[in-house]
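Read through the structure below, which is laid out as structure tokens, and then see the notes.
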Protein chains: 2
Amino acid sequence: MAIVSRYTIALHILTWLAFWAEKDEFFPSDRIANSVGTSPVFLRRILGQLAKAGLVLVQHGGTGAGWKLARRPEEISLLDVYEAVVQTPLFELHHSQPNPSCIIGNGIQPALQEIYEDSEEALKRRLAQETIKDLVGSSLEHGKR
Amino acid sequence: MAIVSRYTIALHILTWLAFWAEKDEFFPSDRIANSVGTSPVFLRRILGQLAKAGLVLVQHGGTGAGWKLARRPEEISLLDVYEAVVQTPLFELHHSQPNPSCIIGNGIQPALQEIYEDSEEALKRRLAQETIKDLVGSSLEHGKR
DNA sequence: CTCAAAGTAACCGTAACGGTTACATTGAAT
DNA sequence: ATTCAATGTAACCGTTACGGTTACTTTGAG
């Protein structure tokens, strides 16, 4: 299966917050949900992960409660978001253990582990090159048409 | 979620076949299953995909039926296997459509699409650098210890 | 004290995956 | 032509994870 849509949602949230960042308000999850098109509860779950990773700030209680970016958009890379939201490794090894008395079965897991880690690294390096600021620009550019 | 363990299984199969390739026999799915540690039916499903992609040959009927590599191990890259077995894109977009009347909601999907495709490309480029022959060598190396 | 909003637990429907059983089909060998 | 070892495939199952929802508690600014 693929990288969960949760990652897409997280990027959407941050891009939206970045777009409105100049107002320097806290935005409630309901308002963000209006743009993303999903439920506020689901968003809060994700926002909680982003907060733990230090990407957003939360304000509880009273009027004006909600969320805003903890850093400037150009200081949040897509890799930061990936690591905040995706916890599982990209590749799965065998579910049931391979036969250790088979020459190949015995050594293939560490062999795969190496190349899997390298490949995941290649993906992450690419994600590290892009920031939320880039995404705001690109979204506005595409939205025009 | 992660890239399905099916990919790991496919690599295991091909590595195993490559290891025994010098015998130039067809090997039945039951024997391969003995090394991989999973069911022959599951293996045949995957082997079918590998055959469609031209990576293995199949022999039906009678004694000596089974599977073998269609090319030399150094001519099968891990990307070939990936494309034979994984059909879905790596990243998922929104499940429910974002709000098109929101400036960000309107343009974010094509913006994400671009960076998602680039990132998947980065992953694939890395996989293209490794071959089944490399995997045989690396497995034997790790198995020694 | 009020009240808008976050936090959280519980539950649900859906989908995909790995695994298994069962049966039809193939085709080399004799 | 028969045999039979193996593939091909459909059907089904249990488990897991995900997105979505409801309902309730907690927070804390005003």
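In the text below, chain A, chain B and the rest are named by the order of the sequence lines, each starting its count at 1. Predicted, not measured: the structure shown is a model, and the values here were computed from it.
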- [ ] With sequence neighbours excluded, tell me which residues meet side-chain hydrogen bond (donor to acceptor under 3.5 Å, both in side chains) with S29(B).
- [x] R44(B)
Task: By side-chain hydrogen bond (donor to acceptor under 3.5 Å, both in side chains) - contacts of K133(B) (at least two apart) - done: none
Open item on the list: Once you apply a heavy-atom cut-off of 4.0 Å, does G66(B) come out as touching a base, just sugar-phosphate, or nothing?
Closed with: sugar-phosphate
Mind calculating the distance between [atom1] ([X]) and [atom2] ([N]) to the nearest angstrom?
{"X": "Y7(A)", "N": "dC18(D)", "atom1": "OH", "atom2": "P", "answer": "16 Å"}
{"X": "H94(A)", "N": "dC17(C)", "atom1": "NE2", "atom2": "P", "answer": "17 Å"}
{"X": "Q49(A)", "N": "dG19(D)", "atom1": "CD", "atom2": "P", "answer": "10 Å"}
{"X": "I46(A)", "N": "dA6(C)", "atom1": "CD1", "atom2": "C1'", "answer": "15 Å"}
{"X": "W67(B)", "N": "dA5(D)", "atom1": "CH2", "atom2": "P", "answer": "19 Å"}
{"X": "L50(A)", "N": "dA6(C)", "atom1": "CG", "atom2": "P", "answer": "14 Å"}
{"X": "L93(A)", "N": "dG18(C)", "atom1": "CG", "atom2": "C1'", "answer": "15 Å"}

- [ ] Verify the distance criterion only: is there a donor paired with an acceptor across the side chains of H142(A) and E114(B) at less than 3.5 Å?
- [x] yes
- [ ] Say whether S77(B) and Y82(B), considering side chains only, have a donor N or O and an acceptor N or O under 3.5 Å apart.
- [x] no
Task: Single-linkage hydrophobic cluster, 4.5 Å side-chain cutoff, F26(A) and F19(A) together - done: no
Open item on the list: Among residues 15-35 of chain A, which ones have heavy-atom contacts with DNA chain D below 4.0 Å?
Closed with: none
TODO: Any ring pair (Phe, Tyr, Trp, His ring centres under 6.0 Å) involving residues 92-115 of chain A? Give me the pairs, sequence neighbours left out, ordered by first then second residue.
DONE: H94(A)-H12(B)
TODO: Hey, could you give me each pair passing ring pair (Phe, Tyr, Trp, His ring centres under 6.0 Å) that has a residue in residues 29-54 of chain A? Not counting sequence neighbours.
DONE: none
Task: Where protein sits on nucleotides 20-30 of chain D, one letter per nucleotide: B base, S sugar-phosphate only, - none, heavy atoms under 4.0 Å - done: BBB----BBB-
Task: Minimum-distance pair of heavy atoms, taken over all atoms of L11(A) and T15(A) - done: O-OG1, 2.6 Å
Task: Lys/Arg N to Asp/Glu carboxylate O, E75(A) vs R72(A), below 4.0 Å - done: yes
- [ ] Return no unless some side-chain N or O of S5(A) is found under 4.0 Å from OP1 or OP2 of dG19(D).
- [x] yes
